[in-house]
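Both counts, for ligands and for their atoms, begin at 1 and track the order of listing. Small disclaimer: the values here were computed from a predicted structure and weren't measured. Hydrogens, waters and symmetry mates are skipped; everything else that's a heavy atom, side chains included, is used.
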Amino acid sequence: MNTIYLDNNATTRVAPEVFEAMRPFFCERYGNPSSIHRFGGAVAAEIEAARRQVAELLGARYRDKNGCATEIVFTSCGTEGDNTAIGCAVAAAKGKKKIITSAVEHPGINHYLENLARRDYRIVRIGVDGRGRLDLDAYRAALDGNTALVTMMYANNETGTIFPVRELCRLAHEAGAFFHTDAVQAAGKLPIDVDEEGFDFLSISGHKLHAPKGVGALFARRGIPFTPLLLGGHQERMRRGGTENVASIIGLGAASALARGNLASEAVALRRLRDGFEQKLLATIPSISVNGDLENRLPNTSSVSFTDIEGESILMLLDQYGICASSGSACTTGSLEPSHVMRAMNIPYNAAPGTIRFSISKYNTAQELDFTAEKLVPIIAKLRRMSPYWNEK
Ligand code: PLP
């Protein structure tokens, strides 16, 4: 059975070109970039080249006198970038005790903020409407001179809804606050320009854009004091201790270059595939709805609620055909509680549990999506026949 992988917001396949770029750094060019000898020094130069590739994807134009894109710090994942950015901002905003965020952030933000709440920080979570759009009036009202940081995601991992981050950043700066955006889902899918958009911090994760797991990057604007999360050696200009994950950093550089080169054409192709898939579902399955800001969402993401059934059952039946997707439930604990994103959006109680996220990539084909749409028709009909909540409408 072939796998049809429609869970690309969870993780992506490493692009073959990326894998090839990484290959020499395992058994041939395995030197430590911190070494004095040329064998290691040559690797350090490759890391700087990868740093420039990431900077180019993100629009970070600053280079130091050696041509290094020093505003980019390599991390181990998106979560580390998120944690580090928040830590840096609150340390730099000495004495200010308020942090503004949204109600739909990733746990990499939420759990770190919960920790800060225990240390006297006041966390203000701005709500969203039924389409996942931020309540801008509540945001404006929350901003004040005591705000240390605003951290708002660029695009939501469950619905793909894009926040107006440029405007949010401008307003944060007007209030004298730092601005961080978690761009883990946006990078490689949307054009990003940290210099034009004005962000102070932005985090990305390799494994969401066809680089390997275990590597990420944080953009941290020069001039803002940096507080490292990992204290150790002098790596990353003293901003992240620990010998670099060289091959993965090279991979992230290659993936960034690849994504940048094909951004616009890939977005068009992904949107066409995704929209065609949604149209098929809407035409063939009753009582479903597509979640998120339909005019302004990631081109690869489709969050669909199937009323009166449970997402977990849908996923299990899809899995029998080799189809991988994910649900909008926090089902890791065995509960079928809708996710915090679905709850924040007030998705109706009979629709939220049956929410499935399909997230596609450039490696998906129209045939795969047709097959999935076709198989969903009997799957949903079968589950609804078994559902105590479903009445043929
Ligand atoms: N932020 C968002 C929006 C995400 O979707 C994810 C991963 O799903 C993360 C952060 C965390 O990234 P990582 O898995 O690299 O820590």
Asks: Please determine which of Leu149, Asp144, Val150 meets the side-chain contact (heavy atoms from CB on, under 4.5 Å) test together with Lys98.
Replies: Asp144

Asks: Does the side chain of Met152 reach to within under 4.5 Å of the side chain of Phe179, using non-hydrogen atoms?
Replies: yes

Asks: What is the nearest protein non-hydrogen atom to atom 14 (O) of ligand 1, stated with its residue, atom name and distance?
Replies: His207 NE2, 3.1 Å

Asks: In ligand 1, which numbered atoms sit nearer than 4.0 Å to a non-hydrogen atom of Ser205?
Replies: 13 (P), 15 (O)

Asks: Could you list which atoms of ligand 1 come closer than 4.0 Å to a heavy atom of Cys77?
Replies: 13 (P), 15 (O), 16 (O)

Asks: Mind checking whether Glu80 contacts ligand 1 via backbone (N, CA, C, O), side chain (CB onward), both or neither, at a 4.0 Å heavy-atom cut-off?
Replies: neither

Asks: Does Glu105 have a heavy atom less than 4.0 Å from any atom of ligand 1?
Replies: no

Asks: Taking the side chain as every heavy atom from C-beta outward, state whether Ser339 and Glu158 have any pair of such atoms under 4.5 Å apart.
Replies: yes

Asks: Run the side chain to side chain contact (heavy atoms under 4.5 Å, CB included) check on Val246 and Ile47 step by step: do they pass?
Replies: CA-CA 7 Å; Val246 175; Ile47 288 185; 4.1 Å; yes

Asks: Using a distance-only test with no angle check, is there a side-chain donor-acceptor pair under 3.5 angstrom linking Asp82 and Ser203?
Replies: yes

Asks: Just heavy atoms, cut-off under 4.0 Å: does Met153 contact ligand 1 by side chain, backbone, both, or neither?
Replies: side chain

Asks: Check each atom of ligand 1 against the heavy atoms of Asn157 and keep those under 4.0 Å away; list them by number with element.
Replies: 3 (C), 5 (O)

Asks: Just which atoms of ligand 1 are under 4.0 Å from any heavy atom in Gln185?
Replies: 3 (C), 4 (C), 5 (O)

Asks: Where the side chain of Ser35 meets the backbone of His37, is there a donor-acceptor pair that is under 3.5 Å apart?
Replies: no

Asks: I need the contact type for Lys213 against ligand 1. Using non-hydrogen atoms and a strict under-4.0 Å cut-off, is it side chain, backbone, both or neither?
Replies: neither

Asks: Is there a donor-acceptor pair closer than 3.5 Å between any side-chain N or O of Glu197 and the backbone N or O of Asp193?
Replies: yes

Asks: Can a side-chain donor-acceptor contact be found between Asn245 and Ser76 if the only test is distance below 3.5 angstrom?
Replies: no

Asks: Any side-chain heavy-atom pair from Arg357 and Asp7 closer than 4.5 angstrom?
Replies: yes

Asks: Is it the side chain, the backbone, both or neither of Ile109 that has a heavy atom closer than 4.0 Å to ligand 1?
Replies: neither

Asks: Side chain, backbone, both or neither: which applies to Thr79 and ligand 1 if a contact is any heavy-atom pair less than 4.0 Å apart?
Replies: both

Asks: Which residue and non-hydrogen atom of the protein lie closest to atom 4 (C) of ligand 1, and at what distance in Å?
Replies: His106 CD2, 3.2 Å

Asks: Do the two ring centres, one from Phe358 and one from Phe277, sit under 6.0 Å apart?
Replies: yes

Asks: Answer yes or no: does an N/O atom from Gly78 fall short of 3.5 Å to an N/O atom of ligand 1?
Replies: yes

Asks: Which protein heavy atom lies closest to atom 8 (O) of ligand 1, and at what distance to 0.1 Å?
Replies: Lys208 NZ, 2.5 Å

Asks: Quick one: nearest non-hydrogen protein atom to atom 1 (N) of ligand 1, plus distance?
Replies: Asp182 OD2, 2.6 Å

